[in-house]
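Only one structure is covered here, and it is reproduced in the block below.
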Amino acid sequence: MALMITDECINCDVCEPECPNQAIYMGEAIYEIDHNKCTECVGHFDEPQCVQVCPVACIPVNPQHVEAKETLWQKYHRLTGTTAAPSSVG
């Protein structure tokens with residue numbers, strides 16, 4: 001599942017540097033998340049880092065881009081160029 005930033009975003013700038021995939025960028029009015037790059041931090045962290053640091057809790061799962069954990073792992077491998085199997089998928 002890719003995440004999304006809702007219009008409750010206050011442009012505090014804390015989420016963008018936390019994204020290991022550089023999926024977060026400044027849109028026209030608020031920060032946005034590129035669903036093609038978002039792995040919900042799978043492969044990097046146990047929890048999505050942007051969600052952890054967001055002071056207004058405006059980063060839910062994007063219902064238009066629901067993905068299984070295995071798909072997120074595949075995306076992680078594609079983005080990082082790695083081919084090793086994860087030690088614990090699940």
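Every value quoted in this text rests on a predicted model; they were computed, and no experiment measured them. Position 1 is the first residue of the sequence; numbering continues from there.
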Hey, are the side chains of [X] and [Y] touching, using non-hydrogen atoms and a 4.5 Å cut-off?
{"X": "K69", "Y": "V42", "value": "yes"}
{"X": "L79", "Y": "N36", "value": "no"}
{"X": "P63", "Y": "M4", "value": "yes"}
{"X": "P48", "Y": "L3", "value": "yes"}

Inset, instruction - Supply the members, apart from V14, of the Ile/Leu/Val/Met/Phe/Trp/Tyr cluster built from side-chain contacts under 4.5 Å; use none for a lone residue. - result: V53
Inset, instruction - Supply the members, apart from I10, of the Ile/Leu/Val/Met/Phe/Trp/Tyr cluster built from side-chain contacts under 4.5 Å; use none for a lone residue. - result: V56
Inset, instruction - Name all pairs fulfilling the ring-ring contact (aromatic ring centres under 6.0 Å, His included) condition that reach into residues 24-53, sequence neighbours left out, sorted by first residue then second. - result: H35-H65, H44-Y76
Legend entry - Qualifying residues under side chain to side chain donor-acceptor pair (under 3.5 Å), relative to Q22, sequence neighbours excluded: none
Legend entry - Over all atoms of both residues, closest heavy-atom pair of A23 and C38: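 Result for this residue pair: CB-N, 3.8 Å.
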Legend entry - Heavy-atom closest pair, residues C15 and I59: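 Reported closest heavy-atom pair: CB-CD1, 4.4 Å.
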Inset, instruction - For Q52, check side-chain contact (heavy atoms from CB on, under 4.5 Å) against everything at least two apart and list the hits. - result: E47, Q49
Legend entry - Step-by-step side-chain contact (heavy atoms from CB on, under 4.5 Å) determination, I24 to I5: CA-CA 9 Å; I24 300 174; I5 298 175; 4.2 Å; yes
Legend entry - Residues N11, I30; criterion side-chain contact (heavy atoms from CB on, under 4.5 Å); working and verdict: CA-CA 6 Å; N11 293 327; I30 60 172; 3.8 Å; yes
Legend entry - Residues forming a salt bridge (charged side-chain N to carboxylate O under 4.0 Å, His left out) with K75, sequence neighbours excluded: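 Partners of K75 under the salt bridge (charged side-chain N to carboxylate O under 4.0 Å, His left out) test: E67.
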